[in-house]
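Indexing begins at 1, ligand by ligand and atom by atom, following the structure's order. None of these values were measured; they are calculated from a predicted model. Quick note: numbers below take in every heavy atom, side chains included, and nothing from hydrogens, waters or symmetry partners.
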Amino acid sequence: MILNEAEKFIRTAYYELNKTEDEAEQRIAEIRNEISESGSYHHTFEELEHGARMAWRNSNRCIGRLFWESLTVFDQRNLSREEDIRDAVFSHLDYTTNNGKIRPTITVFRQERNDEPTIRFWNHQIIRYAGYNTENGVLGDPASLELTRACEELGWKGEGTRFDVLPLVIQIGSEAPKWYEIPRDLVLEVPLRHPEYEWFAELGLKWYGVPLISDMMLEIGGIQYKAAPFNGWYMGTEIGARNLADEFRYNLLPEVAERMGLNMKKSSSLWKDRAIIELNASVLHSFNEDQVTIVDHHTAASQFKVFEDREKEKERKMTGDWTWLIPPVSPAATHIFHKGYDNEMQKPIYLSQPKAYQ
Ligand code: HEM
Ligand SMILES: N=C(Nc1cccc(CNC[C@@H]2CCCN2)c1)c1cccs1
């Protein structure tokens, strides 16, 4: 029941915002009235801002939570036209990119209400590369095959390179979705080179700087925001050990190992491990040289330890999902590997939701 969720949220949020219990109870009475009149209620900007920050703090799978209080929150709940929503996404991108000094940001669009059609993005991330089936295998990102085909059915046509940026796809209610090319000057990318291997640049690899998740739902006090794109910065392993390394993604380990002259005939030469390390070294080196914010997994784990200690000091229950918190490279070299975490769901929260397209 919305009222029950609202009461729990208001009491906790108002306490954390140093408001009096009286203020909290007054606000709950207001919300009770709004719910009895219309079946739902609306957050003040302050409630929305702190709720979005609490949801980050509660993200069990997130290693980057130390900075939860610094999240910038843009309130775009008044928009209802695709073109205005598009422009708000573009200004989010411009603001957060900040020439490479990434500022963690979320834009919250209109909440799910029975009398207002739902706004959804078809994109998993605002910036992501297309994937095409060709007779000699997949060109681009295999993870994007479905969305790429859906975009082509909407009339979009990619250039056909390994790194075509997909269009922004916005759907309101059950209306036809609208798609928009993302202006190139809003897409910051980093060409990948290696600190020692001159040949690495010839692989022609790059990745985008801003991971902007657009398919998760933000739930605060019983209210569901199904379009609330949020971003931080990358941890290097996401690009170097997964996006470019997974066999079902860009599958680059054989090519990197080949160029390194490693013995690929037996796994005990650890050729895959050596290739992964150098791929990750190249990501961190290239992002740092281009001054685009990124964090290595050791630094990220240390920052997460500070977060854990701070939450303990504040006497807040800190929950986590060990299976996602350990990095995919050298997990046992971080403190995270050697302890357990309580994977209990706390709210406000970011939740996965069913895909907006088929
Ligand atoms: C500031 C830098 C940040 C870093 C370095 C970071 C790092 C990460 C990493 C590495 C993951 C695992 C992703 C994967 O394995 O696919 C993750 C998950 C997650 N992060 Fe963070 N994060 C940051 C900021 C944020 C922000 C600003 C939010 C939201 C406001 C957020 C919410 C989440 C959520 C909800 C997940 C789980 C996603 C899922 O369940 O699929 N993070 N984070
Ligand atoms: N650094 C980031 N990485 C991140 C965070 C949440 C979710 C994701 C995407 N995870 C899904 C992929 C695909 C399956 C497993 N990983 C990436 C951030 C993205 C948005 C804020 S931080």
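- Scanning the protein for heavy atoms near atom 6 (C) of ligand 2, the closest one is Ile213 CG1, 4.0 Å.
- Contacts with ligand 1 closer than 4.0 Å are made by side-chain heavy atoms of Phe230 only, the backbone lying farther away.
- For Glu175, the CD atom counts as densely surrounded, since its 6.0 Å shell holds more than 12 non-hydrogen atoms of other residues, nucleotides or ligands.
- Of all protein atoms, those of element N, O or S that lie under 2.8 Å from atom 21 (Fe) of ligand 1 number 1.
- Counting only residues at least two apart or on different chains, the ring pair (Phe, Tyr, Trp, His ring centres under 6.0 Å) pairs with a member in residues 102-124 are Phe109-Phe121, Trp122-Tyr357.
- Between His50 and Tyr14, the side chains place no donor N or O within less than 3.5 Å of an acceptor N or O (distance only, hydrogens not considered).
- Contacts between Asn231 and ligand 1 below 4.0 angstrom, taking non-hydrogen atoms only, involve the backbone exclusively.
- Annotation for ligand 1: atoms under 4.0 Å from non-hydrogen atoms of Tyr350 are 29 (C), 30 (C), 35 (C).
- In terms of protein heavy-atom proximity, atom 19 (C) of ligand 2 is closest to Pro211 O, 3.3 Å.
- The ligand atoms of ligand 2 that sit less than 4.0 angstrom from a heavy atom of Trp233 are 1 (N).
- Considering only non-hydrogen protein atoms, atom 3 (N) of ligand 2 sits nearest to Glu238 OE1, 2.6 Å.
- Looking at atom 16 (O) of ligand 1, its nearest protein heavy atom turns out to be Trp324 CZ3, 3.6 Å.
- The closest approach between a heavy atom of Ile213 and any atom of ligand 1 is not below 4.0 Å.
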**OP:** Starting from the C-alpha separation in whole Å, work towards a yes-or-no answer on side-chain hydrogen bond (donor to acceptor under 3.5 Å, both in side chains) for Tyr350 and Tyr225.
**Re:** CA-CA 9 Å; Tyr350 295 101; Tyr225 297 96; over 6 Å; no
Name every donor-acceptor pair, under 3.5 Å, that has one atom in a side chain of residues 150-157 and the other anywhere in the protein, sequence neighbours excluded.
residue: Trp156; atom: NE1; partner: Glu181; partner atom: OE2; Å: 2.5

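- For Tyr250, the ring-ring contact (aromatic ring centres under 6.0 Å, His included) partners two or more places apart in sequence, or in a different chain, are Phe163, Trp207.
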